[in-house]
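So the structure is just underneath, and the comments pick up after that.
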Amino acid sequence: VLVTFWASWCTACKEELPVLEAFYRAHQDEDFLLIGVNTGESPQDAAGYIAEQGFTFLAWSDPAGNQMIKVGARGLPYSFIVDREGRRIATWYGGATEEFLEEAVGLKRGE
């Protein structure tokens, strides 16, 4: 499971979300789940942005940023990967590439 905290006003988030979405679409049949947690915006604004961009990942809303604080994030975008045992195996702020995600998640094309 990859969890990412984002906002539509965050430039780095807007750059990273399409990369995460493409990775999700390529690997969703391999039990990979992407959860996007919008922070600091109304659920309506977040849903509008997701629909406008055509994103298909699971979206949650955290308008006050309470969940972001609980996981220790201090900026956006903030992402982490949780393995099947519930352990956080990777954490980063923005800038994920497909290659980084394949290595961090452990999913290589053609394997």
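Quick note: numbers below take in every heavy atom, side chains included, and nothing from hydrogens, waters or symmetry partners.
For the atom pair CG of D83 and CZ of R88, the computed distance is 12.0 Å after rounding to the nearest 0.5 Å. Distance check, rounded to the nearest 0.5 Å: CD1 of I81 to CH2 of W92 gives 4.0 Å. For the atom pair CG of L34 and CG of L2, the computed distance is 5.5 Å after rounding to the nearest 0.5 Å. In this structure, CZ in F23 is found 10.0 Å from CZ in F100, a value given to the nearest 0.5 Å. Separating the CG atom in D62 from the OG1 atom in T39 is a distance of 4.5 Å, to the nearest 0.5 Å.
Heavy atoms only, all atoms of each residue included: S79 and T4 are closest at OG-OG1, 2.7 Å. Contact detail for A7 and N38: the closest heavy-atom pair is CA-ND2, 3.7 Å. In plain terms, the two heavy atoms of A26 and E30 that are nearest each other are O-OE2, 3.6 Å.
Not one N or O on the side chain of E16 forms a donor-acceptor pair closer than 3.5 Å with the backbone of P77. In terms of modelled atom types and a separation under 3.5 Å, the side chain of E21 and the main chain of T56 share a donor-acceptor contact.
Two residues are said to be in side-chain contact when any heavy atoms from C-beta on lie closer than 4.5 Å; V19 and T97 fail this criterion. Under the 4.5 Å side-chain criterion, counting only non-hydrogen atoms from C-beta, L20 is in contact with L101.
Membership of the apolar cluster around Y93 extends to V1, V3, F5, W9, L33, I35, V37, L58, W60, M68, V71, L76, Y78, F80, V82, as traced through chained side-chain contacts below 4.5 Å between ILVMFWY residues.
W6 and F55 have their aromatic ring centers separated by at least 6.0 angstrom.
Between F32 and H27, the angle of the ring planes goes over 60°, which puts this pair in the perpendicular group of the 30/60° scheme.
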